[in-house]
Amino acid sequence: CSWSSLQELYLFGANITGTTLKSVLNLTSLSLLFIHRNHLSGSVPVEIGSLKNLVELHIGNNSFRGVISEHHFSGLKNLKSIDLSLTYIQVMIDSDWKPPFDLDRAFLSSCYLGNQVPNWLQWQKNVSYLEISDTGLNGRIPDWFWTTFSNAYHLDLSYNQFRGEL
């Protein structure tokens with residue numbers, strides 16, 4: 001078995017410890033990465049964006065720290081599902097960035113997204129499941145939000161500081 005041909009890696013709740021994800025960066029055929037609910041720490045390497053076949057990236061419920069930027073997502077054109085929840089990572093994306101992917105599910109609870117609903121979310125027209133609870137958001141929910149997520153069946157915006165009308 002060649003590691004370079006591995007397409008799916010499931011290590012959910014496997015009690016793994018460590019400080020980096022660099023070892024998975026060599027798995028260039030990887031389409032599904034499920035390593036949530038472990039004890040991984042450190043920062044998420046920007047090279048994760050080079051896994052161009054990645055469809056699902058689930059690294060939530062670990063002890064990652066630091067910042068994730070648009071550079072982490074630059075090559076993830078096939079990404080449909082992302083889970084960064086309960087990592088307490090700062091997701092700092094330029095306001096004019098348009099993602100190369102179109103998500104179906106996004107789990108971002110307990111990440112720091114900034115003060116306002118991130119503009120890059122308005123390009124996610126096919127999201128059916130969105131969790132952005134406890135992400136430091138405040139102010140008004142932008143008008144585009146309700147149009148963009150009009151077909152979603154699950155929206156969780158709890159534990160933020162929104163004002164205004166629904």
Side-chain angles (χ1 to χ4, degrees), residues 1-93 97 99-114 117-118 120-121 123-137 149 151-160:
C1 175
S2 170
W3 282 106
S4 63
S5 63
L6 185 68
Q7 294 180 9
E8 299 179 8
L9 180 59
Y10 295 90
L11 293 169
F12 170 80
N15 206 26
I16 298 170
T17 59
T19 58
T20 185
L21 287 175
K22 292 207 181 219
S23 57
V24 300
L25 300 177
N26 297 324
L27 306 175
T28 56
S29 297
L30 206 59
S31 63
L32 303 177
L33 178 59
F34 285 81
I35 55 172
H36 52 292
R37 218 176 258 173
N38 281 290
H39 305 284
L40 298 169
S41 60
S43 60
V44 176
V46 71
E47 295 87 1
I48 198 99
S50 67
L51 297 175
K52 63 182 181 194
N53 296 314
L54 211 54
V55 175
E56 298 197 31
L57 174 63
H58 293 255
I59 62 172
N61 208 337
N62 278 291
S63 297
F64 293 119
R65 294 287 184 256
V67 175
I68 286 186
S69 71
E70 61 273 10
H71 303 292
H72 286 82
F73 302 122
S74 61
L76 303 180
K77 293 175 177 53
N78 297 308
L79 195 65
K80 294 294 179 195
S81 179
I82 188 167
D83 181 357
L84 303 176
S85 61
L86 299 170
T87 58
Y88 306 99
I89 290 174
Q90 294 182 39
V91 181
M92 306 302 284
I93 307 288
W97 180 69
F101 49 77
D102 188 15
L103 296 174
D104 174 56
R105 293 174 309 224
F107 306 91
L108 303 172
S109 296
S110 299
C111 290
Y112 177 74
L113 297 181
V117 176
W120 67 269
L121 286 175
W123 303 107
Q124 304 307 304
K125 304 287 187 195
N126 293 308
V127 168
S128 60
Y129 199 101
L130 176 65
E131 286 192 5
I132 54 172
S133 64
D134 190 28
T135 53
L137 300 173
F149 300 111
N151 292 321
Y153 69 84
H154 178 93
L155 292 174
D156 185 351
L157 288 77
S158 59
Y159 299 103
N160 285 296

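Since we're looking at a predicted model, the values are computed, not measured. Numbers here are sequence positions counted from 1. Heavy atoms only: backbone and side chains are in, while hydrogens, waters and symmetry mates are out.
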Euclidean distance, R65 CZ relative to Q90 CD, rounded to 0.5 Å
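Answer for the CD-CZ pair, Q90 versus R65, is 10.5 Å.
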
Could you check whether any side-chain N or O of [X] sits under 3.5 Å from a backbone N or O of [Y], counting only pairs where one atom can act as donor and the other as acceptor?
X: D156; Y: I132; result: no
X: D134; Y: S158; result: no
X: N38; Y: A14; result: yes
X: S69; Y: V91; result: no

Going by atom types alone, do H39 and N15 pair a side-chain donor with an acceptor below 3.5 Å?
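Checked: H39/N15 side chains pair up, N/O donor to acceptor below 3.5 Å.
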
Beyond-backbone contact of [X] with [Y], side-chain heavy atoms, under 4.5 angstrom:
X: F73; Y: W97; result: yes
X: N78; Y: L54; result: no
X: L40; Y: I59; result: no

List in chain and number order the residues that pass side chain to side chain donor-acceptor pair (under 3.5 Å) with [X], two or more places apart in sequence or in another chain; answer none if no residue qualifies.
X: H71; result: none
X: Y10; result: E8
X: N53; result: none

What side-chain donor-acceptor pairs closer than 3.5 Å can you find for residues 24-31, not counting sequence neighbours?
| from | atom 1 | to | atom 2 | distance (Å) |
| --- | --- | --- | --- | --- |
| S29 | OG | S4 | O | 2.9 |
| S31 | OG | Q7 | O | 3.1 |

Please report, to 0.1 Å, the donor-acceptor pairs under 3.5 Å made by any side chain of residues 101-109, with sequence neighbours excluded.
| from | atom 1 | to | atom 2 | distance (Å) |
| --- | --- | --- | --- | --- |
| D102 | OD2 | N126 | ND2 | 2.3 |
| D104 | OD1 | S128 | OG | 2.9 |
| R105 | NE | S81 | OG | 3.3 |
| R105 | NH2 | E56 | OE1 | 3.2 |
| R105 | NH2 | E56 | OE2 | 3.3 |
| R105 | NH2 | S81 | OG | 3.2 |
| S109 | OG | E131 | OE1 | 3.4 |
| S109 | OG | S133 | OG | 2.8 |

What residue pairs, at least two apart or across chains, pass salt bridge (Lys or Arg N to Asp or Glu O under 4.0 Å) with a residue in residues 79-88?
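Salt bridge (Lys or Arg N to Asp or Glu O under 4.0 Å) check on residues 79-88 returns no pairs.
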
Which heavy atom of T87 sits nearest to which heavy atom of C111, and what is that distance?
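Smallest interatomic distance, heavy atoms only, reads OG1-SG, 3.7 Å.
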
